[in-house]
Amino acid sequence: MLSYRHAFHAGNHADMLKHFVLYLTLDYFNRKDKPYWYIDTHSGAGLYDLRGNEAQKVGEYKQGIALLQQAAKLPPGLHDFLGRLNAILPEPHLYCGSPWLAQAMLRPADKLRLFELHPADFQHLQHNMQQARLGRRGQVVQADGYQGLIALLPPPTRRAVVLIDPPYEEKQDYERVVHTLKEAQKRFAQGCYLVWYPCLSREESRKLPAQLQKIAPDNYLQAELHVQRPRSDGFGMHGSGMFIINPPYLLAQQLQESLPALAALLAQDDGARFVLDFQIK
Ligand code: SAM
């Protein structure tokens, strides 16, 4: 069942953490000349209109990208991130999805492989990637991203950034993320895997980080951004996390410099905080 539409959530606090980490990771990969692949297992539509009905319904972006744009002062990492977003967005009322950010950052020799299952969002993604002149740099595929990823590994370049960003509306996403990462590790252990996950009261969500740590106990980074206290009724997403296997060398330091400011900026109550934990060989 595909009920999730990212257009309702584009530019929210979770996108800020996810896209900031993705930006830092791709920026790091661009420091070496050797080409790499970017694989997005759950791509979404690629580009979102913040003036559209979906984004306006709850207005989640007002507690995300809008707060970054209104900030009087940002630490250098977040300042550069915002500058990059402003430079790559075709119009100020648009916000990027992960594929748009990635296509703008990848070099001509790098390759993109984008998976999206939802028929309408797949069409939007195709259209947006045509606008971006993706051409031979990339492929947009309407298929299951978990299976699609495994079929691509190892990539010919032996260098890759993989984003796994499911909706987690169904319990099976938690199991499939863990299973897929285990399989991916067997085929391509040196890949840089970025997994987004929601911080919810439900058990599967609370257990996921520990399960992910077991997959790569010696080489991971976990960053969480909590924007509010967990609700007493147990509902709602009070924050989100990024779990990275084989994180870029500089990422821990970069996040240490920026997460305090990001947590303060996006705070919705006095429960706002961040978590940064890593183990790097
Ligand atoms: N990564 C995007 C970004 O940062 O802009 C947002 C992706 S959104 C959270 C998750 C997307 O995954 C939705 O568009 C949904 O239709 C799609 N989806 C759900 N299950 C999928 C699957 N098994 N394979 C590929 N896409 C899937």
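Whatever order the structure lists ligands and atoms in, that order sets their numbers, starting from 1. Treat the numbers as computed from the prediction; the structure is a model and nothing was measured.
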**Q** Kindly check if the number of other-residue, nucleotide or ligand heavy atoms within 6.0 Å of CG (Asp33) is above 12?
**A** no
**Q** Can you find a side-chain donor-acceptor pair between Tyr197 and Glu224 that sits under 3.5 Å?
**A** yes
**Q** Quiz question: by atom type and distance under 3.5 Å, do the side chains of Gln254 and Tyr23 form a donor-acceptor pair?
**A** no
**Q** Charged N to carboxylate O under 4.0 angstrom, Asp173 versus Arg176?
**A** no
**Q** Give a yes or no on this: more than 12 heavy atoms of other residues, nucleotides or ligands lie within 6.0 Å of atom NZ of Lys57.
**A** no
**Q** In ligand 1, which numbered atoms sit nearer than 4.0 Å to a non-hydrogen atom of Gly145?
**A** 22 (C), 24 (N), 25 (C)
**Q** Starting from Tyr4, walk the hydrophobic network (Ile, Leu, Val, Met, Phe, Trp, Tyr; side-chain heavy atoms closer than 4.5 Å) and list everyone else you reach, by chain and number.
**A** none
**Q** For atom 26 (N) of ligand 1, grab the closest protein heavy atom and report residue, atom and distance to one decimal in Å.
**A** Leu117 N, 3.3 Å
**Q** What part of Ala143 sits under 4.0 Å from ligand 1 if we count only heavy atoms: the side chain, the backbone, both or neither?
**A** backbone
**Q** Report, in ascending order of atom number, the atoms of ligand 1 lying under 4.0 Å from any heavy atom of Tyr4.
**A** 8 (S), 9 (C), 13 (C)
**Q** With a 4.0 Å cut-off on heavy atoms, is His19 touching ligand 1?
**A** yes
**Q** Heavy-atom contacts with Asp165 under 4.0 Å: which atoms of ligand 1 show up? List them by number with element.
**A** 1 (N), 2 (C), 3 (C), 4 (O), 6 (C), 7 (C), 8 (S), 9 (C), 10 (C)
**Q** Can a side-chain donor-acceptor contact be found between Gln253 and Glu257 if the only test is distance below 3.5 angstrom?
**A** yes
**Q** Considering heavy atoms of the protein only, find what lies nearest to atom 12 (O) of ligand 1 and give residue, atom and distance to 0.1 Å.
**A** His42 CB, 3.3 Å
**Q** Any atom of ligand 1 sitting under 4.0 Å from a heavy atom of Thr41?
**A** yes
**Q** Could you list the atoms of ligand 1 found under 4.0 angstrom from a heavy atom of Asp144?
**A** 22 (C), 23 (N), 24 (N)
**Q** For Gly97, take its heavy atoms, then give the atoms of ligand 1 lying under 4.0 Å from any of them.
**A** 5 (O)
**Q** Going by the atom numbers of ligand 1, which of them fall below 4.0 Å from some non-hydrogen atom of Leu2?
**A** 19 (C), 20 (N)
**Q** Distance to 0.1 Å, residue and atom name: give those for the protein heavy atom nearest to atom 11 (C) of ligand 1.
**A** Glu116 OE1, 3.6 Å
**Q** Which part of Ser43 is near ligand 1, with near meaning a heavy atom under 4.0 Å away: side chain, backbone, both or neither?
**A** backbone
**Q** Is it the side chain, the backbone, both or neither of Arg5 that has a heavy atom closer than 4.0 Å to ligand 1?
**A** neither
**Q** Using distance alone, with no hydrogens and no angle criterion, decide if His13 and Gln63 have a side-chain donor and acceptor under 3.5 Å apart.
**A** no
**Q** Just checking His93: does its NE2 atom have more than 12 heavy atoms from other residues, nucleotides or ligands closer to it than 6.0 angstrom?
**A** yes
